[in-house]
Structures are given as C-alpha cells and as structure tokens.
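Read the structure below first, then the notes.
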Number of protein chains: 2
Amino acid sequence: MSSAAKDIAPSAPKTARGARTRARILKAAEDTFGTLGYHRAGISDITRAAGVAQGTLYCYFSGKEEILRELVRDMGHKVRAHLAASVIGARDRLQAEELGLRAFLEYVSANPSLYRVLQEAQFVDEAIFREYYEAFGRGYMRMLADATRKGEVRPGNDEIRVWALMGLSNFLGLRFALWDRDRSFDEVVATISDLFRNGLALDGKEKA
Amino acid sequence: MSSAAKDIAPSAPKTARGARTRARILKAAEDTFGTLGYHRAGISDITRAAGVAQGTLYCYFSGKEEILRELVRDMGHKVRAHLAASVIGARDRLQAEELGLRAFLEYVSANPSLYRVLQEAQFVDEAIFREYYEAFGRGYMRMLADATRKGEVRPGNDEIRVWALMGLSNFLGLRFALWDRDRSFDEVVATISDLFRNGLALDGKEKA
DNA sequence: TCACAATATGACAACTGAATCAGGTTTCTT
DNA sequence: AAGAAACCTGATTCAGTTGTCATATTGTGA
C-alpha cells in the first residue's frame with residue numbers, strides 16, 4: 001500500500017488547454033460510471049469517451065479512485081447549490097421542505113449519473129461518502145434549528161431527524177425519479193408534506 | 001454473453017457433507033464481503049476463509065455473483081422474519097413502527113455484513129436489489145392499508161409513504177447502528193415516533 | 001522564428017483474479 | 001472390502017486491467 005508514485009496526485013493543469021482536457025475526462029468519467037458503474041468502467045472506457053489517450057488521464061489524476069473522489073466533491077457542491085437556490089423565498093421551513101424535495105427529485109432525474117456515482121462511492125471510499133452526507137447534514141441541521149427558534153418546527157433531536165430526512169429523500173429519488181417516473185413529483189411532494197405537517201397518526205397532536 | 005457453462009448453476013449438494021460445505025462457503029462469503037466489500041473480496045479470500053479449495057466453490061455456485069444473490073435472498077428472509085416477530089403484539093400501527101424500527105436497528109447492528117452486502121448488490125445486480133425492497137414494500141403497504149382501515153393511520157399514498165419509511169430506516173441504520181453508536185436506539189426511536197405521531201410542524205393538524 | 005515547457009500519445013510490461021479440470025480423497029452401499 | 005458416487009483439490013490458464021514511458025505534438029513568450 002506504500003507504492004512509490006501512486007498516491008502523489010499529478011499537478012494541476014497550467015494552461016487553459018490542460019484545464020479543458022481535465023474537465024473533458026471528468027465529464028466522460030461521470031457518464032461512463034453512470035452507465036457502466038464504477039467497477040465495470042475501465043480506464044480505457046473513460047479515455048475513449050473523452051477522446052484522449054490512456055496516458056493523458058494520468059497527467060491529471062492518479063487513477064480511477066481520485067476521479068471518483070473529485071466527482072463526489074463536485075456533486076456535493078452542485079446539489080447543495082441547486083437545493084439552496086430552490087428554497088429561496090420559502091415562507092417557512094415546511095414550505096422549504098416541499099421545495100427542496102421537489103428540487104432534489106428534479107436534480108436526480110436530470111443527473112442520474114452523479115446520483116449513482118455518489119452511492120457507489122460508499123464502497124470505494126467510505127470517507128468521501130460520509131463527508132458528503134455530513135456536510136449536507138450540517139447545513140440541514142442549521143436550518144432546522146433556525147426554524148425551531150422561529151417556532152415553525154417542533155423541538156426535537158435534529159441530528160436524528162436530519163438523517164431520517166436525508167434517507168427519505170434518497171429512497172424517494174431512487175424509486176420515483178431514477179427507476180420509474182410512474183408518480184408525479186407533485187404526488188410525492190404532497191404525500192411527504194402531509195407527513196411533515198400532520199404525521200402518520202390519525203388522531204391529533206398530543207400537545208397543542 | 002452466451003457462454004456455454006457459465007450461467008448453468010451447479011447442482012445442489014446431495015449429501016449432508018455437501019450441504020455443510022456449501023453453507024460454510026456462504027458464511028465465509030458473507031464475512032469476506034462484509035469486511036472487504038464485494039469487489040475487493042476475491043474468490044481466493046472466500047475459499048481461504050471457508051477452508052476449502054478454489055474449485056470447491058464452483059461445485060455449488062456458478063461464480064461470485066450467484067453467491068451475492070443467494071446472500072441477498074437469505075437476508076430478505078431473515079430481516080423480514082426478524083421484523084415480523086418484533087411487531088407481534090403491537091397495540092397499533094404507530095407502536096408497530098416503533099418496535100419495527102428498533103428491531104431493524106438491532107438487526108443491522110448485529111449483522112453489519114449482510115447490511116453492506118445488500119447495499120452493494122445494488123450495483124452488481126440491480127434486479128435482486130429492487131426485488132428485496134419491492135417485496136419488503138409490498139408487506140409494508142399491506143400493513144399500512146390495514147391500519148388505515150382500522151383508523152390508526154391517516155389515509156394517504158401508501159406506496160410513496162412506504163418508500164419514504166424504508167429510506168428513513170435505511171439511513172438511520174447506516175448512521176446510528178453501523179457507523180457510530182453515539183445515540184441510543186431509544187433516542188432514535190423516540191424521535192421518529194414523534195415524527196410519525198405529530199409531524200414536524202409545530203401547529204396542530206389541519207383537519208382534526 | 002526559435003526554443004522550450006506543457007500537453008498528449010499509445011504500445012506494452014506487469015499484474016490481477018476468475019474459472020478450469022485432471023486427478024485425489026472421503027463417504028456410502030451392498 | 002470392493003466399487004461407485006459424491007466431494008474436494010490447487011496449480012494453471014487466460015482474459016482483461018492498470019499504469020508507464022519514450023516519443024510526438026502543441027502553443028507561447030522572447
């Protein structure tokens with residue numbers, strides 16, 4: 001595991017051309033991982049899709065794993081930006097949840113590759129996977145705490161809630177955005193909104 | 001892809017010894033996949049752990065993938081049995097959810113390997129992965145429908161709810177049972193129970 | 001225009017790990 | 001105890017992969 005040159009990341013591109021090539025490789029890797037999966041995808045599949053030679057890939061990445069890490073980091077930024085933009089102007093936390101869930105479903109639907117890449121990263125480099133969800137969770141917890149202070153949300157253990165909410169979104173995205181779009185996003189959002197507003201139980205709140 | 005002998009599953013063991021060996025291989029594969037992951041685990045790792053030769057594995061399985069499939073099927077039965085047993089005697093659906101979530105967390109904690117195997121199966125054979133959750137979901141939907149009829153649960157789109165609930169459990173298991181046991185299961189169950197009984201919102205039900 | 005630094009090439013050496021199969025061992029039956 | 005059937009072995013094969021490197025190309029500043 002202490003090989004000589006393997007872990008040393010190649011230097012960053014120094015010209016615009018290099019930056020462009022690096023980006024092309026990254027995009028090609030995203031597509032290739034997305035369709036073939038991380039393990040089935042070979043370096044040659046990626047470079048062929050990018051239209052570069054095998055060796056070129058190693059000018060910018062130390063190997064397949066580093067590409068995956070880069071992709072996951074990238075995805076973290078993009079998803080968070082997309083969701084953050086989507087909830088601007090929400091009246092309250094509950095409406096923000098609706099907007100956020102819809103935006104997430106739309107994002108997954110439009111970016112199936114990145115979604116798969118993230119899930120597969122769990123088994124390639126668990127640290128980067130955890131980092132993604134922990135970063136996501138931190139932001140989410142801050143929003144819940146704010147909402148609680150404003151009296152929009154009942155007090156509770158927000159860390160647990162946040163993991164529950166992330167899991168919920170994750171599976172809804174998998175089932176209703178990635179696998180089969182046999183339910184409208186409206187329907188999904190409405191159902192979950194009802195859960196957040198009223199719970200599952202039929203009888204009223206225990207404490208008003 | 002139409003190779004001659006590859007897809008033909010080897011015959012089932014015909015003696016007790018064969019059955020024992022097959023079981024040993026399966027158990028070794030579970031452990032090996034659990035610690036190394038499906039892809040990092042080699043056939044030789046599995047056979048070494050089982051204390052058999054490489055070739056022996058092919059007496060009972062057509063290859064690595066079939067072992068994974070077998071393991072996922074196995075896990076489906078075991079988890080469902082464990083959860084079904086855990087909710088016997090529940091007063092109502094809400095209490096059943098509490099008991100079920102706790103049993104799930106306990107199961108994950110006690111069987112980290114099988115949990116990881118299931119998640120990785122998503123990228124090795126998506127069909128078997130879907131099958132697992134769809135089977136799970138069907139049973140779950142039936143229970144929700146019953147509970148709705150009994151007036152324990154508000155009417156709603158149970159298919160969507162079930163996927164949300166499965167995702168929620170999945171992430172809570174990952175974070176609080178598999179990764180870090182830094183919160184008691186009591187705390188997790190109580191938080192989710194509150195969500196199911198009262199929702200997230202502070203103000204009361206829209207319709208009493 | 002020339003020099004030279006960055007970028008790109010692609011054949012290939014080195015390696016990996018799944019699957020095979022000819023032959024040995026154990027267990028059962030009569 | 002002999003014979004047969006089931007079971008097990010593990011060195012070897014082989015298809016496929018990664019990462020290397022000597023060489024070629026491109027673009028830029030003096």
Side-chain angles (χ1 to χ4, degrees), chain A residues 1-29 32-33 36-70 123-125, chain B residues 1-29 32-33 35-71 120 124-125:
Chain A
M1 290 296 160
S2 59
S3 66
K6 176 63 191 305
D7 324 301
I8 281 80
S11 57
K14 309 205 167 172
T15 69
R17 179 162 69 121
R20 240 176 300 136
T21 303
R22 203 190 111 106
R24 277 230 312 290
I25 292 170
L26 223 38
K27 180 77 179 81
T32 310
F33 288 164
L36 259 43
Y38 176 79
H39 292 281
R40 272 185 278 272
I43 295 291
S44 58
D45 294 313
I46 298 171
T47 52
R48 197 182 321 119
V52 300
Q54 301 249 86
T56 306
L57 188 142
Y58 295 94
C59 296
Y60 302 105
F61 304 97
S62 66
K64 223 166 131 181
E65 263 198 50
E66 200 196 309
I67 296 185
L68 186 72
R69 271 192 288 273
E70 196 65 35
F123 306 103
V124 178
D125 182 349
Chain B
M1 290 296 159
S2 58
S3 66
K6 176 60 192 309
D7 324 299
I8 282 77
S11 57
K14 310 204 166 173
T15 69
R17 178 161 70 123
R20 241 177 299 136
T21 304
R22 203 192 111 108
R24 279 229 313 291
I25 292 170
L26 222 38
K27 180 78 180 79
T32 310
F33 288 163
T35 43
L36 259 43
Y38 177 79
H39 292 282
R40 272 186 277 274
I43 295 290
S44 58
D45 294 312
I46 298 170
T47 52
R48 198 183 321 117
V52 300
Q54 303 248 85
T56 307
L57 188 142
Y58 296 94
C59 295
Y60 303 107
F61 305 97
S62 66
K64 224 168 133 182
E65 266 197 47
E66 200 196 309
I67 296 184
L68 187 73
R69 271 191 287 273
E70 195 64 37
L71 246 22
E120 249 187 311
V124 178
D125 183 347

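Residue numbers begin at 1 in each chain, while the letters A, B, ... track the order of the sequences.
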State whether the side chain of Glu66(B) and the backbone N or O of Phe61(B) hold a donor-acceptor pair below 3.5 Å, judged by distance alone.
no
To the nearest 0.5 Å, tell me how far Ile46(A) CD1 sits from Lys64(A) NZ.
6.5 Å
In short, Phe33(B) meets Glu120(B) closest at the heavy-atom pair O-OE1, 4.5 Å
In whole Å, what is the span from the CD atom of Glu65(A) to the P atom of dT17(D)?
18 Å
Roughly how many Å is it from CD1 in Ile46(A) to P in dT17(D), rounded to a whole number?
12 Å
Presence of Tyr58(A) side-chain N/O under 4.0 Å of dC21(D) phosphate oxygens OP1/OP2
no
Whole-Å distance, Arg17(B) CZ to dT26(C) P, equals 8 Å
Would you call the rings of His39(B) and His39(A) parallel, tilted or perpendicular if under 30° counts as parallel and over 60° as perpendicular?
parallel
Interatomic distance where CZ belongs to Arg20(B) and C1' belongs to dC8(D) [whole Å]:
14 Å
Separation of dT9(C) atom P from Ile25(A) atom CD1, nearest Å, is 9 Å
Rounded interatomic separation in angstrom, taking CG from Leu57(A) and P from dT18(D)
10 Å
I need the CZ-C1' distance between Arg24(A) and dA8(C), as an integer number of Å.
11 Å
Start at the 5' end of DNA chain C and walk down; is the nucleotide closest to Val52(A) or to Ile43(B) reached first?
Val52(A)
Looking at every strand, decide which applies to Ala16(B) at a 4.0 Å heavy-atom threshold: base, sugar-phosphate, or nothing.
nothing
Under 4.0 angstrom between Lys14(B) side-chain N/O and dA5(D) OP1 or OP2
no
State which residues pass side-chain hydrogen bond (donor to acceptor under 3.5 Å, both in side chains) with Glu70(A); sequence neighbours excluded, sorted by chain then number.
Arg22(A), Arg73(A)
Does Thr21(B) put a side-chain nitrogen or oxygen below 4.0 Å from OP1 or OP2 of dC8(D)?
yes
Using whole Å, what does the distance between atom C1' of nucleotide dT18(D) and atom CD of Glu66(A) come to?
15 Å
Determine the contact category for Tyr60(A): base if any of its heavy atoms lies under 4.0 Å from a base atom, sugar-phosphate if only primed atoms, P, OP1 or OP2 are that close, otherwise nothing.
sugar-phosphate
Can you work out whether Gln54(B) or Ala19(B) has the more 5'-proximal nearest nucleotide on DNA chain D?
Ala19(B)
Under 4.0 angstrom, heavy atoms only, what part of the nucleic acid is Gly55(B) near: base, sugar-phosphate, or nothing?
base
Is the shortest side-chain N/O distance from Thr15(A) to OP1 or OP2 of dT7(C) below 4.0 Å?
yes
